[in-house]
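Structure record follows, encoded as structure tokens.
Residue numbers start from 1 in every chain, and the chains themselves are labelled A, B, ... in the order their sequence lines are given, proteins ahead of strands.
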Amino acid sequence: MVAPLVLGGILTRHGASGPVSLRISEVEAYSGLGDDPGSHAHRGETPRNRVMFGPAAHLYTYFTYGMHTCANIVCLPEGVAGGLLLRGGEIVQGEPFVRERRGDAPFRDLARGPARLANAMGIPLGDGGADVLSGQYSLRLRVDPIVDVGRSARTGVSGAGGTDDYPWRFFIPGDPTVSPYRRHVPKKRATGAG
DNA sequence: CGCACGATTTGCT
DNA sequence: GCAAATCGTGCGA
């Protein structure tokens, strides 16, 4: 299980305005192996999730709800789809640069939630496929992996992927930057439709 | 080509 | 607590 190694790790991005470092406190695992209905790779390789099938330690970004960007770290070898969705973390460096984008949000909310996190780090959609270990990114894992990590069903995942059958959400217990668990909410479309 | 939905966040009441 | 915002992806014909 790789997730506990990433928890507590420091992800740094050297953006245009300055370096921003994040201590990862919450992730969700997504796999293309077996039946993982919640994974973007579930339907097989597409141009979209292509990077998930690539080598580990690369960035997989995706766009959702027409306005949000989320970031994953590919964590399985080339040819095997697997990624860790960065769901929450604490800004440990470059808070002023983060606030340029996130505004006056409470400190704990700066990178609380996948879309906020990507926004806080300033990760553009185009950074998908970027190496996390070189270039403008760097990832420092914990030397002593956190043993007592929290674990639960994944948040906001529709269908069977969001049930306890896939308890692949990992977080640091008690960390304030861990997003609250929220069950999947069915999307309702136009008004009056019924 | 057309249709429907999604690993969400934010603002108002 | 609920509803809106908003577009790329995936599948069927």
Side-chain angles (χ1 to χ4, degrees), chain A residues 2-3 6-7 11 22 24-54 58-76 81-89 91 98-129 132 150-171 176-194:
Chain A
V2 182
V6 176
L7 290 178
L11 176 66
L22 179 87
I24 301 169
S25 67
E26 181 188 3
V27 297
E28 273 178 14
Y30 291 87
S31 173
L33 290 173
D35 291 319
D36 183 357
S39 174
H40 287 172
H42 177 55
R43 295 264 184 197
E45 183 175 346
T46 68
R48 177 88 189 87
N49 57 34
R50 179 177 171 74
V51 54
M52 263 187 135
F53 289 81
H58 281 233
L59 214 56
Y60 167 55
T61 57
Y62 70 93
F63 193 73
T64 188
Y65 287 91
M67 57 188 123
H68 296 304
T69 302
C70 301
N72 304 242
I73 296 178
V74 179
C75 64
L76 292 181
L84 289 174
L85 169 66
L86 303 176
R87 285 197 61 86
I91 301 297
V98 174
R99 291 202 176 280
E100 290 178 9
R101 292 181 288 267
R102 299 279 304 120
D104 291 329
F107 177 76
R108 64 160 64 180
D109 286 347
L110 287 178
R112 194 193 206 202
R116 289 173 177 173
L117 188 151
N119 187 12
M121 296 289 291
I123 301 176
L125 191 61
D127 271 16
V132 173
R151 180 177 188 172
S152 76
R154 290 179 297 195
T155 302
V157 179
S158 65
T163 67
D164 285 333
D165 291 336
Y166 303 88
W168 297 339
R169 169 178 179 251
F170 302 92
F171 54 93
T177 59
V178 173
S179 66
Y181 178 74
R182 191 198 313 147
R183 204 165 186 85
H184 170 248
V185 184
K187 169 70 172 175
K188 192 185 299 180
R189 224 160 189 281
T191 65

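- Taking atom CE of residue A:Met67 and atom C1' of nucleotide B:dT10, one finds them 9 Å apart after rounding to whole Å.
- In this structure, CZ of A:Arg101 is placed 16 Å from P of B:dT9, rounded to the nearest angstrom.
- Here the P atom of nucleotide B:dT10 and the CG atom of A:Asp109 are 8 Å apart, to the nearest Å.
- Annotation: side chain of A:Arg99 is in contact with side chain of A:Phe107 (closest heavy-atom distance under 4.5 Å).
- As judged by a 4.0 angstrom heavy-atom cut-off over every strand, A:Arg102 is placed among residues touching the sugar-phosphate backbone only.
- Of all nucleotides present, none satisfies the Watson-Crick or G-U wobble test against B:dA7 with each distance under 3.5 Å.
- A:Arg169 has its side chain within reach of A:Ser179: a pair of non-hydrogen atoms, C-beta onward, lies under 4.5 Å apart.
- Using a 4.5 Å heavy-atom cutoff, the side chains of A:Phe171 and A:Val27 are not in contact.
- To the nearest angstrom, P of C:dA4 lies 15 Å from NE2 of A:His68.
- In this structure, A:Thr177 and A:Glu26 have side chains that are not in contact, with every pair of non-hydrogen atoms separated by 4.5 Å or more.
- Listed nucleotides: B:dT8, C:dG10, B:dA7. Nearest to the side chain of A:Ser158: B:dA7.
- Going from atom CZ of A:Arg182 over to atom C1' of B:dG6 covers 13 Å, rounded to whole Å.
- In this structure, A:Gly113 reaches the sugar-phosphate backbone alone: every heavy-atom distance under 4.0 Å involves primed, P, OP1 or OP2 atoms, never a base.
- Here the nucleotide nearest the side chain of A:Tyr65, chosen from B:dA7, B:dT9, B:dG6, is B:dG6.
- Of the candidates B:dA7, C:dG10, B:dG6, the closest approach to any side-chain atom of A:Thr46 belongs to C:dG10.
- When the nucleotides C:dC11, B:dT10, C:dT9 are ranked by their closest atom to the side chain of A:Arg116, B:dT10 comes out on top.
- The shortest distance between side-chain heavy atoms of A:Leu11 and A:Ile24 falls below 4.5 Å.
- Within 4.0 Å (heavy atoms only), A:Asn72 reaches at least one base atom of the nucleic acid.
- Separating the CG atom of A:Leu117 from the P atom of B:dT10 is a distance of 12 Å, rounded to the nearest angstrom.
- The side chain of A:Phe63 has C:dC7 as its nearest neighbour among C:dC7, B:dT10, B:dT8.
- Counting to the nearest Å, the P atom of B:dA7 and the CZ atom of A:Arg169 are 16 Å from each other.
- Across all strands, A:Arg87 comes closer than 4.0 Å only to sugar-phosphate atoms, never to a base (heavy-atom distances).
- The distance from atom NE2 of A:His40 to atom C1' of B:dC5 is 11 Å, rounded to the nearest whole Å.
- With a 3.5 Å ceiling on both atom-pair distances, C:dT6 lacks any Watson-Crick or G-U wobble partner.
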